[in-house]
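Both counts, for ligands and for their atoms, begin at 1 and track the order of listing.
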Amino acid sequence: MKLNDKLYKMINDQIKHELESAYIYYSMVSYFVAEGLDGMAQWMTAQAREEMLHAGKFFNFIGERGGKVELQNLKIIKTNWTSPLEAFQDALAHEEFITGKINDLMKVAIEVNDFPAKVLLDWFVSEQVEEEANVGKVVQTLARVGDSGNGLFMLDRELGQRVFTPPPAQGE
Ligand SMILES: [Fe+2]
Ligand SMILES: [Fe+2]
């Protein structure tokens, strides 16, 4: 079944959004590294790498459906933050933006009865719930920690325990 034109365009755009997510998160990694917050840098690196996998899922889907991906320019809006809280708040706002995009995609997949797209998007719907919850949790903790250097130190150590697990071959 050929991909519907509108759905193709939205999925193609979503590849850009996911790669842009990785780009934004790597920008945050550079901020954390410069601040000596190695744990947060590691956490955000894992986040960025996950985003590249997300882009890969949409990329493969277009290919499998006989389409051709057209890559677009990535925009980087921000390269510095005034606090880890501000960075994680931006990350949360960005995830909410992405959730909106996934929901729009789902609406169109349903509209045009594209069941394989719906299956792919089901995964992303759950993933976004998890993403918002994880980033939201860090925002909440950072807000509570406030200016406490000790609290920040502890949280940085905790976040540094996040490991990126690459998916099994073929899987993603
Ligand atoms: Fe994503
Ligand atoms: Fe994400």
Side-chain angles (χ1 to χ4, degrees), residues 3 7-33 37 39-65 67 69-79 81 84-110 114 116-143 155 158-168 170-172:
L3 258 182
L7 189 58
Y8 160 79
K9 200 190 165 303
M10 287 172 78
I11 296 175
N12 194 68
D13 284 348
Q14 192 63 27
I15 295 170
K16 181 184 76 133
H17 295 313
E18 299 291 345
L19 290 175
E20 233 163 38
S21 302
Y23 218 38
I24 290 167
Y25 295 152
Y26 270 123
S27 184
M28 290 176 182
V29 170
S30 75
Y31 161 72
F32 291 133
V33 170
L37 293 163
M40 291 185 191
Q42 184 171 326
W43 193 96
M44 207 49 93
T45 300
Q47 189 75 4
R49 294 184 69 185
E50 275 191 11
E51 298 303 349
M52 298 184 70
L53 293 178
H54 295 171
K57 279 178 188 278
F58 287 116
F59 195 104
N60 292 343
F61 186 77
I62 287 186
E64 281 165 0
R65 296 292 297 277
V69 172
E70 294 291 341
L71 289 180
Q72 304 169 54
N73 290 336
L74 303 183
K75 231 192 322 193
I76 191 84
I77 314 143
K78 215 163 158 177
T79 55
W81 286 267
L85 176 60
E86 192 201 352
F88 274 93
Q89 277 169 336
D90 281 2
L92 181 58
H94 184 71
E95 287 301 332
E96 286 165 355
F97 164 78
I98 294 291
T99 300
K101 292 289 175 193
I102 298 292
N103 291 346
D104 289 346
L105 272 163
M106 183 61 109
K107 275 180 226 156
V108 174
I110 290 169
D114 193 316
K118 207 192 145 291
V119 170
L120 174 73
L121 290 164
D122 274 336
W123 184 88
F124 277 97
V125 168
S126 320
E127 174 68 9
Q128 282 311 115
V129 173
E130 223 178 278
E131 292 269 72
E132 285 191 31
N134 292 342
V135 183
K137 185 83 201 301
V138 181
V139 169
Q140 197 181 29
T141 311
L142 277 168
L155 180 62
E158 191 194 314
L159 294 180
Q161 279 162 21
R162 175 173 177 181
V163 262
F164 172 75
T165 333
Q170 293 286 314
E172 283 165 320

Got Ile98 and Glu18 here, is their nearest side-chain heavy-atom distance under 4.5 Å?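 When only atoms from C-beta onward are counted, Glu18 and Ile98 do touch, with a gap below 4.5 Å.
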
Around Phe59, counting heavy atoms of other residues, nucleotides and ligands shown, do more than 12 lie under 6.0 Å from its CZ?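 Not more than 12 within 6.0 Å, no.
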
Please tell me whether Glu131 and Gln47 have a donor and an acceptor in their side chains that are separated by less than 3.5 angstrom. yes

Should the pair Asp13-Lys101 be classified as a salt bridge under the 4.0 Å nitrogen-to-oxygen rule? no

Check ion pair Lys9-Glu70 (N to O, under 4.0 angstrom): no

Is there a side chain to side chain contact (heavy atoms under 4.5 Å, CB included) between Leu121 and Phe58 once you walk through the steps? CA-CA 9 Å; Leu121 290 164; Phe58 287 116; 4.0 Å; yes

Proximal protein heteroatoms (N, O or S) of the Fe ion (ligand 1), under 2.8 Å: Glu18 OE1, Glu51 OE1, His54 ND1

